[in-house]
4 protein chains.
Amino acid sequence: MSEHSWIQELLQIGGKDGKFSEKQLKILEAAVEMFAEKGYAATSTSEIAKKAGVAEGTIFRHYKTKKDLLLAIVTPTLFQSVAPFLAKEFVREVFDNEYETYEQFLRAVLANRYAFVKTYLPAIRVLWQELAFHSEIKQCFQRVFVEHVYPKFARIVRHFQEKGELAELPVDSVIRLTITSLAGFLAARFLLLPDHNWDDEAEMERTIRVLMNGLRR
Amino acid sequence: MSEHSWIQELLQIGGKDGKFSEKQLKILEAAVEMFAEKGYAATSTSEIAKKAGVAEGTIFRHYKTKKDLLLAIVTPTLFQSVAPFLAKEFVREVFDNEYETYEQFLRAVLANRYAFVKTYLPAIRVLWQELAFHSEIKQCFQRVFVEHVYPKFARIVRHFQEKGELAELPVDSVIRLTITSLAGFLAARFLLLPDHNWDDEAEMERTIRVLMNGLRR
Amino acid sequence: MSEHSWIQELLQIGGKDGKFSEKQLKILEAAVEMFAEKGYAATSTSEIAKKAGVAEGTIFRHYKTKKDLLLAIVTPTLFQSVAPFLAKEFVREVFDNEYETYEQFLRAVLANRYAFVKTYLPAIRVLWQELAFHSEIKQCFQRVFVEHVYPKFARIVRHFQEKGELAELPVDSVIRLTITSLAGFLAARFLLLPDHNWDDEAEMERTIRVLMNGLRR
Amino acid sequence: MSEHSWIQELLQIGGKDGKFSEKQLKILEAAVEMFAEKGYAATSTSEIAKKAGVAEGTIFRHYKTKKDLLLAIVTPTLFQSVAPFLAKEFVREVFDNEYETYEQFLRAVLANRYAFVKTYLPAIRVLWQELAFHSEIKQCFQRVFVEHVYPKFARIVRHFQEKGELAELPVDSVIRLTITSLAGFLAARFLLLPDHNWDDEAEMERTIRVLMNGLRR
DNA sequence: GATGAATGAGCTTTCATTCAT
DNA sequence: GATGAATGAAAGCTCATTCAT
């Protein structure tokens with residue numbers, strides 16, 4: 001019946017299946033699209049209601065304020081954005097030699113995040129834009145990064161430095177350079193020049209190769 | 001008398017000295033700060049007027065609409081952002097062996113753009129945020145890039161590929177990787193983690209080094 | 001419950017009964033009165049709202065712009081102003097000897113329009129004033145006149161010229177003189193000197209008599 | 001030097017020659033035209049200033065308020081509108097047999113007022129429109145009518161009733177019917193259907209003829 | 001649970017008017 | 001006398017939110 005499966009998937013980080021009614025999904029879908037296109041502040045709830053095909057009041061039955069609606073979109077997106085690092089089995093996979101090299105690890109991460117961004121682009125746009133203006137979101141982002149992403153990432157980097165693959169640069173710098181490289185590709189690919197004629201496979205390959213040449217001992 | 005020299009400098013891409021009155025500069029300064037902090041759409045003209053210490057009507061005497069005020073800030077910022085590539089002597093400097101290596105060239109560009117971003121951060125924030133929502137700005141940006149930045153950048157890259165310094169990667173990819181690396185550093189440094197304890201000299205050095213290791217033959 | 005029957009009647013040229021809510025009628029009534037008193041341009045929507053006892057936003061829920069509110073009043077008034085000539089049975093009545101003479105016909109028309117103006121005076125004032133400034137209204141008026149009023153009026157005049165009652169003046173002049181005489185009386189009576197001590201019956205009788213003496217063979 | 005002679009003539013009801021400066025005339029001319037086209041309330045002083053080619057402040061140097069500017073146009077126009085009846089020699093001319101019949105008298109008045117309206121149409125439009133909204137103008141108009149126009153007109157009507165030319169209708173009705181007929185022609189000719197293909201001579205002749213047929217004993 | 005009319009605060013913009021130059 | 005930058009009140013209109021149905 002529902003056509004909104006992508007929204008539903010994005011929002012269901014846990015197993016809360018069936019939580020969203022048909023109308024609710026329409027509202028969320030309409031909101032993501034309009035927020036991505038015009039920005040949160042420049043989108044009116046009446047526009048969202050019209051696009052979603054519901055009455056204005058219906059929005060406020062589900063979300064007490066317009067901002068709640070934004071957070072309902074942005075918070076799950078934020079968590080999904082760093083999902084691999086939240087997964088319990090993730091670090092174990094690295095250390096259990098599922099990835100023998102940092103390069104293999106990068107390749108896996110990039111492929112995974114590429115697919116994620118491609119699927120959920122509008123929601124990511126919204127997150128990215130509004131991050132700058134809403135301190136709750138920014139703080140949430142920083143907390144997640146500091147508590148979950150950074151420690152695991154650092155262990156992985158140190159692991160491959162000890163294995164001799166990576167040069168003895170400061171761990172923070174390696175992380176920063178890595179994220180910048182991968183995110184830089186995704187930003188260029190999907191945000192800045194989405195209409196450019198990209199050879200995705202090749203460009204990802206080059207991105208990894210150049211980065212690894214730079215980072216290797 | 002005036003304290004707004006930084007705005008004045010930013011906006012005077014040509015030699016239009018003395019063009020801005022005291023009140024106009026106060027308006028522009030207040031607008032940049034508020035737009036950077038809360039976003040264009042979420043900032044009201046009455047807030048700007050109050051912060052600038054002028055009557056609301058005064059804003060509209062100088063800028064017919066709120067959007068005109070935005071463009072008065074964003075357009076010069078956009079041009080200044082790519083200013084080195086607009087300068088006539090720029091390419092000549094490269095080919096006249098002012099820069100013997102791509103690495104030297106990168107170092108000069110990064111130092112220059114680092115200073116620029118540091119000085120004009122709020123205006124750059126505004127440009128960066130609103131680029132996504134206003135097609136006129138986006139188109140202007142793309143035109144400037146395609147007509148001025150890209151061709152010169154490509155010549156430089158080819159020059160150093162022919163000299164044997166750079167690997168024979170596609171020119172577009174070299175440009176993309178270069179911009180991503182430098183802009184990625186600046187974004188991390190000034191936008192994402194401005195409060196982190198950065199050792200700017202060292203991190204810029206590492207950024208250049210890793211990138212060059214990646215790009216070298 | 002409702003006290004606004006006159007507005008409701010005026011606006012319901014067709015059989016759209018029950019179309020207007022209580023608040024909508026209050027808005028229309030307040031608007032007609034204020035437009036008549038101060039003119040459209042000099043009346044603010046906040047004044048209308050206050051007089052109507054509704055919030056200002058409520059006006060704009062029903063009428064997208066202030067001008068739409070004007071047109072909602074003026075357009076029906078315009079049609080009602082020439083209503084007799086729009087009625088399908090009207091011409092037949094004349095030719096079926098319901099009126100044996102032009103004089104009888106004039107008497108009927110004048111009595112009818114006298115009652116109309118007396119009842120809907122404020123709305124007619126508004127129509128009359130704004131006709132001069134809004135080309136849409138003027139064009140609508142001209143179209144209705146040329147397509148509906150003039151042809152029927154001309155047939156009637158020719159009919160009584162052929163019967164020998166009216167002199168062989170140009171039809172256009174007869175129509176012009178007739179309308180000028182009747183409308184002139186109504187304008188003097190209700191617009192220019194409403195406070196004068198009028199003997200309406202006698203003055204209407206004189207108006208008809210003098211006009212007919214002038215037009216008769 | 002000046003091109004504004006018509007305005008100057010209209011405004012100089014007395015012999016105040018040379019009273020208006022070049023700029024003042026430009027302001028008045030621009031104001032009349034815009035008030036006639038859009039109405040007093042819908043015309044801004046800045047529009048007038050732009051059209052007149054002067055600074056906004058200059059208007060307020062000559063006329064303390066926008067309303068003063070309106071009155072500076074409307075008051076002279078009002079007096080000129082009934083000018084014949086204000087002229088001292090006017091009644092004497094009638095009784096000294098300069099006009100042997102009411103019909104001759106009407107013909108003279110109509111020709112004179114026709115020329116006046118044709119020359120000063122925009123100012124008359126303004127007077128006519130604003131009369132309805134400004135009680136000072138209305139009162140001024142009524143005072144002039146009651147004190148100057150009506151008594152003289154009444155004497156003339158009685159004169160020709162005594163001479164046996166006019167029927168023994170109430171004097172007020174004769175005056176009303178006369179004014180209505182002449183003003184009705186001028187209104188139709190210049191305000192309602194200025195673009196119609198008028199044969200002015202013939203229509204004026206018919207107007208007089210029909211009216212006289214109606215009023216004659 | 002869903003609706004949409006109603007609200008009133010707040011938005012961008014315009015305006016008549018002032019005043020230092 | 002003329003200017004036009006500056007004003008701030010008020011204009012038309014939009015908006016997030018409420019609530020009776």
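Sequence lines set the chain letters: A, B, ... in the order given, protein chains first and strands last, and positions in each chain run from 1. Fair warning: this is a prediction, and the values are worked out from it, not measured in the lab.
- Take C:Phe141 and apply the ring-ring contact (aromatic ring centres under 6.0 Å, His included) test, not counting sequence neighbours, and it matches no residue.
- Whole-Å rounding puts the C:Lys50 NZ to F:dG12 P distance at 13 Å.
- The ring pair (Phe, Tyr, Trp, His ring centres under 6.0 Å) pairs that include a residue from residues 52-74 of chain C number zero, where partners must be two or more places apart or lie in different chains.
- Mapping C:Gln24 and A:Ala55 onto DNA chain E by nearest heavy atom places A:Ala55 at the nucleotide closer to the 5' end.
- Here the P atom of nucleotide E:dA5 and the CG atom of C:Leu25 are 15 Å apart, to the nearest Å.
- Every residue meeting the salt bridge (Lys or Arg N to Asp or Glu O under 4.0 Å) condition with C:Glu136, not counting sequence neighbours, appears here in chain and number order: C:Lys67.
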Taking distance alone, no hydrogens or angles, what donor-acceptor pairs closer than 3.5 Å link side-chain atoms of residues 46-57 of chain D to residues at least two apart or in another chain?
from, atom 1, to, atom 2, distance (Å)
D:Ser46, OG, D:Ser44, OG, 3.2
D:Glu47, OE1, D:Lys38, NZ, 3.3
D:Glu47, OE1, D:Ser44, N, 2.8
D:Glu47, OE1, D:Ser44, OG, 3.3
D:Glu47, OE2, D:Lys38, NZ, 2.6
D:Lys51, NZ, D:Glu33, OE1, 3.3
D:Glu56, OE2, D:Thr45, OG1, 3.4

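- One atom, CG of A:Leu70, and another, C1' of F:dC15, lie 17 Å apart when rounded to the nearest Å.
- Residues C:Val126 and C:Thr77 are not in side-chain contact: their nearest non-hydrogen atoms beyond the backbone lie 4.5 Å or more apart.
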A correct dot-bracket answer for DNA chain F, with pairs being Watson-Crick or G-U at under 3.5 Å, [ ] for crossing pairs and | for inter-strand pairs, is .||||||||||||||||||||

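- The interatomic distance linking A:Ile27 (CD1) with E:dT3 (C1') rounds to 12 Å, in whole Å.
- Here the P atom of nucleotide F:dA10 and the CD1 atom of C:Ile48 are 17 Å apart, to the nearest Å.
- Look at CE on C:Met34: it is 16 Å from C1' on F:dG12, rounded to the nearest Å.
- Legend: residues meeting side chain to side chain contact (heavy atoms under 4.5 Å, CB included) with C:Gln129, ordered by chain and number and at least two apart, are D:Gln129, D:Ala132, D:Phe133.
- Protein atom CD1 of D:Ile59 is 12 Å distant from nucleotide atom P of F:dG4, rounded to whole Å.
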Set out, line by line, the N/O atom pairs under 3.5 Å between protein and nucleotides 16-19 of chain F.
from, atom 1, to, atom 2, distance (Å)
F:dA16, OP1, A:Thr43, O, 3.3
F:dA16, OP1, A:Lys66, NZ, 2.9
F:dA16, OP2, A:Thr45, N, 2.6
F:dA16, OP2, A:Thr45, OG1, 2.8
F:dT17, OP2, A:Lys66, N, 2.6

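- The side chain of D:His62 contributes no N or O atom lying less than 4.0 Å from OP1 or OP2 of F:dG1.
- Screening residues 120-129 of chain D for salt bridge (Lys or Arg N to Asp or Glu O under 4.0 Å), with sequence neighbours left out, gives no hits.
- Distance, A:Glu22 CD to E:dG1 P: 16 Å, rounded to whole Å.
- Counting heavy atoms from C-beta outward, D:Ile7 and D:Ile73 have side chains that stay 4.5 Å or more apart.
- For the ring-ring contact (aromatic ring centres under 6.0 Å, His included) test, residues two or more places apart in sequence or in another chain that qualify with B:Phe35 are B:Tyr40.
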